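Notes follow the structure.
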Amino acid sequence: MLVTSRSFEEYEAFFALTSEDLAGAVLDCSAGASGFAAVANARGGRVTAVDPAYDQEAERLGAAASDAATRGRTILAEHRDHYVWSWYGTLERHDELRQAALAAFLADLRLHPDTYVPGSLPDLPFADDAFDLALCSHLLFTWSNVFDHAWHEAALRELLRVAREVRVFPLVVQGAGDAVPFMSSVLDRLRDLGHQAEVVDVPYEFQRGAHQMLTVAAARTSA
Ligand SMILES: C[S@@+](CC[C@H](N)C(=O)[O-])C[C@H]1O[C@@H](n2cnc3c(N)ncnc32)[C@H](O)[C@@H]1O
């Protein structure tokens with residue numbers, strides 16, 4: 001799986017983030033080489049990033065993320081028509097955001113290494129309720145051709161253990177953007193456990209049909 005570097009601006013749109021959302025303790029899981037934590041924290045935020053890739057040396061991680069950005073650009077250039085360009089405008093703007101996010105991530109990783117915690121779902125190295133909000137960009141559901149129903153349920157329950165609210169984007173499989181076959185059964189299971197799960201529209205679409213996020217409020221917030 002590639003270690004990609006989406007930007008703060010993309011995250012804002014994926015997760016319909018408000019200034020109130022950003023005022024709390026936020027977990028970016030799995031953050032990869034995203035610039036979200038770097039930019040949010042420079043603006044006074046309290047974001048922690050977690051990813052299994054953070055057990056690597058910064059140089060190796062930077063090289064992997066740079067390679068991912070180059071490969072991503074090549075794929076997009078070859079399959080431009082498969083995507084909706086209204087949010088980015090151009091491939092150049094898309095590329096510019098990825099490069100800036102990667103630079104912000106690498107600089108912040110050196111300055112604030114404690115922000116970047118090695119860890120993997122479904123077993124995160126954080127206390128119960130450590131965060132107000134957990135964001136998951138391009139891992140859950142995106143990789144449902146790799147991770148199965150049981151893994152998704154365990155991963156979401158773990159995220160709901162460490163955060164009071166969890167948001168996931170996108171809700172389609174990577175590549176052709178197929179629907180996730182076990183999505184409704186995962187949501188039913190979360191609701192059975194008392195969590196409040198909702199699928200809501202967001203102001204972003206790139207993969208066709210991927211303009212919704214999942215938001216889940218943990219059962220204890222309504223208790
Ligand atoms: C496609 S990248 C997304 C990175 C970033 N969120 C973004 O949107 O650019 C997926 C990330 O998931 C991480 N990952 C892979 N397996 C994982 C697991 N079991 N638990 C948590 N993260 C995982 C990878 O290391 C990779 O950085």
Side-chain angles (χ1 to χ4, degrees), residues 1-17 26-40 47-58 60-73 75-76 87-88 94-106 108-109 115-126 131 133-163 166-175 177 202 204-207 210 213-214:
M1 188 181 303
L2 297 179
V3 178
T4 49
S5 55
R6 292 183 176 83
S7 62
F8 177 88
E9 292 84 347
E10 287 165 302
Y11 269 53
E12 264 188 318
F14 299 161
F15 300 111
L17 292 173
V26 179
L27 177 67
D28 182 1
C29 175
S30 298
S34 166
F36 175 71
V39 172
V47 178
T48 298
V50 65
D51 197 290
Y54 298 158
D55 63 4
Q56 296 174 44
E57 293 293 317
R60 199 160 153 231
L61 188 51
S66 179
D67 182 48
T70 306
R71 286 170 62 182
R73 188 183 204 288
I75 291 167
L76 289 183
W87 194 85
Y88 294 103
H94 178 282
D95 201 34
E96 200 177 281
L97 281 170
R98 290 294 156 89
Q99 296 299 342
L102 177 55
F105 164 75
L106 289 173
D108 199 48
L109 180 65
T115 298
Y116 300 91
V117 178
S120 283
L121 286 167
D123 189 11
L124 297 175
F126 304 111
F131 302 97
L133 177 63
L135 304 175
C136 184
S137 154
H138 295 83
L139 175 65
L140 266 69
F141 301 118
T142 303
W143 288 92
S144 52
N145 52 339
V146 173
F147 295 112
D148 65 8
H149 179 302
W151 185 89
H152 276 76
E153 188 186 317
L156 281 161
R157 291 180 70 171
E158 177 67 349
L159 286 163
L160 288 160
R161 179 186 68 77
V162 303
V166 175
R167 297 184 194 175
V168 181
F169 180 90
L171 305 181
V172 300
V173 187
Q174 48 129 358
V202 296
Y204 176 95
E205 183 179 8
F206 191 46
Q207 265 181 299
M213 71 167 167
L214 169 67

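Computed from a predicted model, the values in this text were never measured in an experiment. We count ligands from 1, going down the list as the structure has it; atoms in each ligand are counted the same way.
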Is there a side-chain contact between Val26 and Phe131 in this structure, where contact means two heavy atoms from C-beta onward sitting under 4.5 Å apart? no
Check Ala33 against ligand 1 and report side chain, backbone, both or neither, counting heavy atoms closer than 4.0 Å. neither
Give the residue, atom name and distance (to 0.1 Å) of the protein heavy atom nearest atom 21 (C) of ligand 1. Ser30 OG, 2.8 Å
Does a side-chain heavy-atom distance below 4.5 Å link Met213 with Phe14? no
Tell me, please, which residues at least two apart from Ala210 pass side chain to side chain contact (heavy atoms under 4.5 Å, CB included). Pro170, Val172, Gln207
Ligand 1 versus Tyr11, non-hydrogen atoms closer than 4.0 Å: side chain, backbone, both, neither? side chain
Tell me which part of Phe105 gets within contact of ligand 1: side chain, backbone, both or neither, using heavy atoms under 4.0 Å. neither
May I ask you to check whether Phe141 and Phe147 place their ring centres under 6.0 Å from each other? no
Can you tell whether the side chains of Glu158 and Arg161 come within less than 4.0 Å, N to carboxylate O? yes
What do we get for Thr4 next to ligand 1 when only non-hydrogen atoms under 4.0 Å count, side chain, backbone, both or neither? both
Is there a donor-acceptor contact under 3.5 Å linking the side chains of Tyr204 and Tyr11? no
For ligand 1, is any non-hydrogen atom under 4.0 Å from Leu121's backbone (N, CA, C, O), its side chain (CB onward), both, or neither? both
Please classify the Ala31 to ligand 1 contact at 4.0 Å (heavy-atom distances, strictly less than): side chain, backbone, both or neither. backbone
closest protein heavy atom to atom 26 (C) of ligand 1 is Asp51 OD2, 3.5 Å
Could you check, using the six-membered ring where one of them is a Trp, whether Tyr116 and Phe105 have ring centers closer than 6.0 angstrom? yes
Under 4.0 Å from ligand 1, counting heavy atoms only, is it the side chain of Thr142, its backbone, both or neither? neither
Ranked by distance from atom 17 (C) of ligand 1, the top protein heavy atom is Pro52 CG, 3.7 Å
